[in-house]
Structure formats: structure tokens, C-alpha cells
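Okay, so here's the structure we're looking at.
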Amino acid sequence: YPGKLSSETLYFPLKNPLKPGEKVELELNYSIELPNNTFTGYGYSDEKALLKYFFIVPDGFETEEQPPKSFLDIEETQFGGKYWSVKLQLPEAFSAESNLKKTGSHTFSGYLNNDPQFYLSTTGTDQIIAEVNSEKTNVIFGYTLTPEEKQNLEFYIPLQLQFIQKKCGIVPEKIFISEKERKKN
């Protein structure tokens, strides 16, 4: 598809119908234009970017006749409960963080109940490692913490995680909090 797309859906006709349990592998090379993050919180500003919803991903098929989709809600989860394996190719000056488990300097993988987010920056990230009943949670921030914020969060995060463990029985291994989520919540 040369040029810009006029639809959110791409169709790739297969030589043969794909039967249940079968799979097909597609290799796609594409470029994206990142918006300024002023409007949605996603995109770039200065020397950082928050990426979400920039993958070309397969759609789910509930029936043979899929109704057309228009994603009007920018926070709508599109691909929850999926396994992701992502390798980013970035200039050397950039670091990357995500809500996925980091498996290398710019590689991430794991299952998510929501959509993956990636924070790219030349300044790195702040993080707090909290321990609750010998279970560690790495809380990564996609923004810079002031010393006062860090001190407060080092006190409150373990208490909040203790509450989560008591009510849910589990503590997440990793939490990523973007600047967008900070402003929203």
C-alpha cells in the first residue's frame, strides 16, 4: 500500500482459506508518522515518545461477515489477553520501557490483558522497586519524579500493593505508569 491509508483495516487475500488451528506468517515493513502528544497523550514531545496502537495486528473473527470497525475511543482495548514479542530498533541514545516484561535492552515480551505501551526517551526513566511479602514489584514511571514524589511513592506503593495482594491474592511483577496515566488518574 504505497502512500497514506484511507482505512483502519487492511485486507490480505490468502491463496487458500485459513482453516481452524492453522496459521500464516506475514512479514510487514511499514513506517508510521508519530503525532505530537499534545492532543492524545500518545506520540512524541521533545526527546521522548509514548507509543500505543501503532502495530498492524490481526483482527479477531467472530463471524464470517465482520462489520466494519471505527475506533472512536482512543482508550479502547483492542487486543487484550494476547502474547506479545516486540523488538524495537532505536538510535543508541534512546532507552525504552513498556508495560511488557523487558527481555533485553530494546526487547519485550509477555501476556497483557490490555494493549502494550512503549516509552522511548533519551533521559531514561525513574523506578521504584517495592517488596510485599518477599514479592518484588518494579514500578516504572514514564516521567521524571521529583525527590518529594519519589519519597512519598516509596512509602505509599508498598501499602497499595499490600492491599492489592490482600484483595486479589497476587502482586504484579511490573507496573508501568505513563505521564498520560498520571494526568488521567
State the CD-CG distance between Glu181 and Leu50, to the nearest 0.5 angstrom. 8.0 Å
Would the distance check show the side chain of Asn99 and the main-chain N or O of Gln117 forming a donor-acceptor pair, the cut-off being under 3.5 Å? yes
Side-chain donor or acceptor of Ser95 paired with backbone N/O of Ser121 under 3.5 Å: yes
Would you list the pairs meeting ring-ring contact (aromatic ring centres under 6.0 Å, His included) in which at least one residue belongs to residues 85-113, sequence neighbours left out? Tyr83-Tyr111, Phe108-Phe118
Evaluate the criterion side-chain contact (heavy atoms from CB on, under 4.5 Å) for residue pair Leu88 and Leu120; output intermediate values, then yes/no. CA-CA 10 Å; Leu88 300 172; Leu120 315 176; 3.8 Å; yes
Closest non-hydrogen atom pair between Ile170 and Ile164, with its separation: O-CG2, 3.6 Å
In Å, rounded to the nearest 0.5 Å, how long is the span from CD of Glu135 to CD of Gln165? 5.0 Å
Joint cluster assignment, Leu90 & Tyr44, ILVMFWY side-chain distance < 4.5 Å: yes
What do you reckon, is CD of Gln151 surrounded by more than 12 foreign heavy atoms closer than 6.0 Å? no
Nearest-0.5 Å distance that lies between atom CD1 in Ile157 and atom CD1 in Ile177: 6.0 Å
Yes or no on side-chain contact (heavy atoms from CB on, under 4.5 Å) for Glu97 and Lys174, after CA distance, side-chain angles and deciding distance? CA-CA 11 Å; Glu97 280 300 338; Lys174 180 179 184 179; 3.6 Å; yes
For Pro158 and Val132, the nearest pair of non-hydrogen atoms, with its separation, is O-CG2, 3.6 Å
In terms of heavy-atom contacts, does CG of Asn36 have more than 12 from other residues, nucleotides or ligands at under 6.0 Å? yes
Rounded to the nearest 0.5 angstrom, the OG1-NZ distance for Thr125 and Lys48 is 12.0 Å
Kindly say whether Pro172 contributes a backbone atom to a donor-acceptor pair with the side chain of Thr137 at under 3.5 angstrom? yes
Measuring from Glu154:CD to Ile129:CD1, what's the distance to the nearest 0.5 Å? 10.5 Å
For atom CD of Glu149, decide whether the heavy atoms of other residues, nucleotides or ligands shown that lie under 6.0 angstrom number more than 12. yes
So ring-ring contact (aromatic ring centres under 6.0 Å, His included) across residues 139-158, not counting sequence neighbours, yields Phe141-Tyr143
Checking side-chain contact (heavy atoms from CB on, under 4.5 Å) for the pair Leu161/Ile175: CA distance, chi angles, key distance, verdict? CA-CA 11 Å; Leu161 290 172; Ile175 299 172; 4.0 Å; yes
Has Glu148 got more than 12 heavy atoms of other residues, nucleotides or ligands less than 6.0 Å from its CD? no
Residue pair Leu112, Leu100: steps toward the side-chain contact (heavy atoms from CB on, under 4.5 Å) verdict: CA-CA 7 Å; Leu112 287 177; Leu100 286 166; 3.5 Å; yes
Would you say the side chain of Thr123 lies within less than 4.5 Å of the side chain of Glu47, judging by non-hydrogen atoms? no
Just verifying a value: how many Å separate Ile128 CD1 and Ile140 CD1, rounded to the nearest 0.5 Å? 11.0 Å
Does atom NZ of Lys102 have more than 12 heavy-atom neighbours, drawn from other residues, nucleotides or ligands, at distances under 6.0 Å? yes
